[in-house]
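Comments concern the structure below.
Every number for a ligand or one of its atoms is a count from 1 in the order of the listing. Computed from a predicted structure; not experimentally measured. Along the sequence shown, the residues carry numbers beginning at 1.
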Amino acid sequence: MLISHFPRVQLLHGVTPLEFLPNLTRQLNGPKIYIKRDDATGLATGGNKTRKLEFLIADALAQGAQHVITQGATQSNHVRQTIAAANKFGLKSTVILEQRVNDGSVDYYQNGNILLDEILGTHIELVPGGSDINAALQAKAEQLAAQGEQAYIIPGGGSNVIGALGYVACAFELITQLNTLQLQPSALVHATGSSGTQAGLLAGIAATHSNLPVLGISVRAEKTKQEHNVYQLAQQTLTHLGLDPAILPAEKVQANSDYVGEGYGIATAGMIEAVQLLARTEGILLDPVYSGKGFAGLVDLIRQGYFTADDEVVFLHTGGAAALSAYRDDFSTHAAYKL
Ligand SMILES: *Cc1c(COP(=O)(O)O)cnc(C)c1O
């Protein structure tokens, strides 16, 4: 395999399932819908960052680091998975949390991922929204170096060429599953944020010359900016793999930013409906910030007729259900289940 010479640790429990969603397919009366269960990677409630961390943690260990530093929003799934991965490999961790969402709810600041971060055990530092967070990561690394500790910086979302290798590997895994089931999906749809997932998938798909279109549903940036970020990282990832970046033409990088709503991490009616729909038809939990908005995009595109009964589509479930309790106000009916 193209990626076998890159250092890698094992974090995933195994190949994640590719499942058919019969009830949802019937209910929407459109394409056959399949789901790739990267919510089930296995590390401390799972999610897509686990795949990236297999390469990032291995690189940190190869460089002799004793400490990893990363950053994210208060309810970052990436931060939670990074702390868990660091713990497993005996690395200390420091996480810088940007107060990117200001909704003031107690649950947002104390429940969900942040509660799990505290249980996993780490050093948490808070910075205001809009801070120069890369400068803060650098300053922290220098401070630790002065104390004689070598720190390894993992960028937000684990999205650099090393982290993206995790999704090159996922593309290979998925293509094998699609071949086994003899499926030819019209699209692989997923939530896109810091771009590493989509960039890795596109690089892996291009490397195998398979013709699987990828559609990223943006959770933050506007379409043009998101496509630019994904394209840049996918090109760099192909170069890192020793391949010609020209094998990925720019027009294959597709993002849709119609489902962001008011902004990153802010609930939308479509997200709430999508989370309830998948939970109530198939018993699968999405998340409020990423996969819920990504899935809301897929459901809306099906209702608009963008995908039809002749199509097969695969939704990549990137995880994140650990954040649901942080959004209790948006989901709870406030019924008093109390004796
Ligand atoms: C980080 C994340 C994403 C987005 O992946 P990127 O590689 O940052 O684009 C999607 N879903 C969940 C649940 C995430 O935590």
Looking at T41, N113, N48, T50, which one forms a side chain to side chain donor-acceptor pair (under 3.5 Å) with Q81?
T50
Among R37, H317, R51, the one residue meeting side chain to side chain donor-acceptor pair (under 3.5 Å) with T16:
R51
Test question: given the 4.5 Å side-chain rule for I, L, V, M, F, W and Y, name all other residues clustered with L12, or answer none.
none
Under 3.5 Å, side chain of D311 to main-chain N/O of T308, donor-acceptor pair present?
yes
Going by the rule side-chain contact (heavy atoms from CB on, under 4.5 Å), which residues pair with L178 if we only count those two or more places apart in sequence or in a different chain?
L18, L174, L183, P185, L212, V314
Need the list: ligand 1 N/O atoms against protein N/O atoms, distance under 3.5 Å, rounded to one decimal.
{"from": "ligand 1", "atom 1": "5 (O)", "to": "N48", "atom 2": "ND2", "distance (Å)": "3.0"}
{"from": "ligand 1", "atom 1": "5 (O)", "to": "T197", "atom 2": "OG1", "distance (Å)": "3.3"}
{"from": "ligand 1", "atom 1": "7 (O)", "to": "K52", "atom 2": "NZ", "distance (Å)": "2.6"}
{"from": "ligand 1", "atom 1": "7 (O)", "to": "G196", "atom 2": "N", "distance (Å)": "3.4"}
{"from": "ligand 1", "atom 1": "7 (O)", "to": "T197", "atom 2": "N", "distance (Å)": "2.9"}
{"from": "ligand 1", "atom 1": "7 (O)", "to": "T197", "atom 2": "OG1", "distance (Å)": "2.7"}
{"from": "ligand 1", "atom 1": "8 (O)", "to": "S194", "atom 2": "N", "distance (Å)": "2.8"}
{"from": "ligand 1", "atom 1": "8 (O)", "to": "S194", "atom 2": "OG", "distance (Å)": "2.5"}
{"from": "ligand 1", "atom 1": "9 (O)", "to": "G193", "atom 2": "N", "distance (Å)": "2.7"}
{"from": "ligand 1", "atom 1": "9 (O)", "to": "S194", "atom 2": "N", "distance (Å)": "3.2"}
{"from": "ligand 1", "atom 1": "9 (O)", "to": "S195", "atom 2": "N", "distance (Å)": "3.0"}
{"from": "ligand 1", "atom 1": "11 (N)", "to": "T318", "atom 2": "OG1", "distance (Å)": "2.6"}
{"from": "ligand 1", "atom 1": "15 (O)", "to": "K49", "atom 2": "NZ", "distance (Å)": "2.9"}
{"from": "ligand 1", "atom 1": "15 (O)", "to": "N77", "atom 2": "ND2", "distance (Å)": "2.9"}

Applied to residues 261-290, the ring-ring contact (aromatic ring centres under 6.0 Å, His included) test, sequence neighbours excluded, yields Y264-Y290
